[in-house]
Amino acid sequence: MEITFYGQNTLHILIKDTYVLVDPFISGNPLAKDQVDISKLKADYILLTHAHEDHVLDAEAIAKNTGATIVSNYEIAMYYQSKGIKVHPMNHGGKWNFDFGTVKYVNAIHTSSFADGSNGGQPGGFVIEGALKTIYIAGDTALTMDMKLIPMYTTLDLAILPIGDNFTMGVDDAIIASDFVECKEVLGVHYDTFGYIEIDHKKAKQKFEDAGKTLTLLEIGEKISLS
């Protein structure tokens, strides 16, 4: 499993021969728009945690360009289906065996609406089990006790957690979240894109290290491999 970071919560995940794109927000991201050409991105599936623009801005364009299937909650799926895009609707607690692995849609505490005011349903996160590795993509969320349910049915190799604060968990809550999901390896997302969520990288990493955990912060286009 190979994960490339394209800023904010945008992840490009290669699982075996399948490309899974998560929350594509690139063309509107000042940190990524000049570095990533969305017309060249490969995608077989696009997973959307919720409907906010900084998570779905490029989903329609990429889906139409690649023929990718959008996977999200029912309301988001129907929104894109009405635009002629292939979708797979899910809802909280449900899971599905895709060709790249199993996806479970889990709870998140946040809000969710499209920029045009359309209903984005309830936000969520994803637990992906594929290619012998399991990851948790929390999406935009507050710290929630529901995270404690995850290690009851799986063992995580990586937790992908928002750390920018203000709109989501900050670093301190993300450390607690890593305790709840019983995962010491954390990839930070949802930080630095704009003023409200700028963080001190060195301080954030040190806090995780002091807690006996590892926080990875990737540059735009940088990747990590789970093997």
Side-chain angles (χ1 to χ4, degrees), residues 5-13 20-29 32 38 43 45-64 68-96 98 103-128 135-147 149-150 159-170 173-174 177 180-181 187-194 196-197:
F5 178 62
Y6 286 135
Q8 194 65 341
N9 203 58
T10 306
L11 305 165
H12 202 213
I13 307 173
V20 179
L21 185 63
V22 180
D23 287 355
F25 172 69
I26 296 169
S27 64
N29 183 346
I38 65 170
Y45 296 90
I46 300 173
L47 274 56
L48 302 178
T49 60
H50 64 294
H52 286 165
E53 189 173 44
D54 62 326
H55 293 254
V56 305
L57 180 64
D58 299 312
E60 181 177 349
I62 295 172
K64 288 182 175 178
T69 298
I70 288 181
V71 180
S72 191
N73 68 36
Y74 181 81
E75 287 80 5
I76 290 175
M78 293 303 101
Y79 178 89
Y80 286 105
Q81 182 172 274
S82 71
K83 297 175 179 290
I85 294 170
K86 291 186 295 184
V87 301
H88 181 102
M90 299 190 74
N91 222 317
H92 298 88
K95 66 179 179 181
W96 188 262
F98 292 91
V103 174
K104 188 175 181 71
Y105 190 67
V106 297
N107 194 36
I109 298 179
H110 196 60
T111 55
S112 178
S113 58
F114 287 95
D116 63 8
S118 297
N119 179 18
Q122 298 300 313
F126 298 100
V127 175
I128 302 175
I135 63 175
Y136 166 46
I137 301 170
D140 281 12
T141 186
L143 179 65
T144 167
M145 296 294 285
D146 285 350
M147 293 172 178
L149 297 173
I150 293 173
I160 301 173
L161 306 176
I163 58 172
D165 219 335
N166 194 73
F167 297 110
T168 70
M169 296 187 293
D173 280 358
F180 284 3
V181 300
L187 175 62
V189 293
H190 208 277
Y191 64 92
D192 283 359
T193 313
F194 33 81
Y196 286 119
I197 59 174

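Residue F194 qualifies as enclosed at atom CZ: its count of foreign heavy atoms under 6.0 Å is above 12.
Taken from CD in Q122 to CG in N107, the straight-line distance is 8.5 Å, to the nearest 0.5 Å. For the atom pair L11 CG and F5 CZ, the distance stands at 7.0 Å (nearest 0.5 Å). The distance from the CD1 atom of I38 to the CG atom of D58 is 4.0 Å, given to the nearest 0.5 Å. Considering OG of S112 and NE2 of H52, their distance stands at 6.0 Å, rounded to 0.5 Å.
L161 approaches A174 most closely through the heavy-atom pair CD1-O, 3.5 Å. Contact detail for V181 and A159: the closest heavy-atom pair is CG2-CB, 4.2 Å. Between N119 and G121, the shortest heavy-atom distance links the atoms OD1-N, 2.8 Å. Contact record, G139 with T49: CA-CG2, 3.8 Å, taken as the closest heavy-atom pair. Listed here is the closest heavy atom pair of A108 and T141: CA-OG1, 3.5 Å. The nearest pair of heavy atoms linking A177 to M169 is CB-SD, 3.8 Å.
Applying the salt bridge (charged side-chain N to carboxylate O under 4.0 Å, His left out) definition to pairs two or more places apart or across chains, those involving residues 74-91 are E60-K83.
Two residues are said to be in side-chain contact when any heavy atoms from C-beta on lie closer than 4.5 Å; I13 and I135 meet this criterion. Between T193 and F25, some side-chain heavy-atom pair lies under the 4.5 Å cut-off. No side-chain heavy atom of F98 sits under 4.5 Å from any side-chain heavy atom of T69. No side-chain heavy atom of V22 sits less than 4.5 Å from a side-chain heavy atom of I160. Residues P24 and I46 meet the side-chain proximity criterion, which asks for heavy atoms closer than 4.5 Å. Counting heavy atoms from C-beta on, the side chains of I128 and L47 come closer than 4.5 Å. Contact check for I76 versus F114: side-chain heavy atoms found under the 4.5 Å cut-off.
Judged by distance alone, the side chains of Q8 and D54 do bring a donor and an acceptor atom under 3.5 Å apart. Between H50 and T111, the side chains place no donor N or O within less than 3.5 Å of an acceptor N or O (distance only, hydrogens not considered). A donor-acceptor contact closer than 3.5 angstrom links the side chains of Y79 and D116.
Considering W96, Y136, F126 in turn, F126 is the only one that fulfils the ring-ring contact (aromatic ring centres under 6.0 Å, His included) rule with Y105. Shown are V56, L48, L21; of these, the side-chain contact (heavy atoms from CB on, under 4.5 Å) with I70 is made only by L48. Under the side-chain hydrogen bond (donor to acceptor under 3.5 Å, both in side chains) test applied with H190, the options D140, D23, N9 reduce to a single match, D140.
In this pair, Y6 and H12 present their aromatic rings tilted. The plane angle is within the 30 to 60° band.
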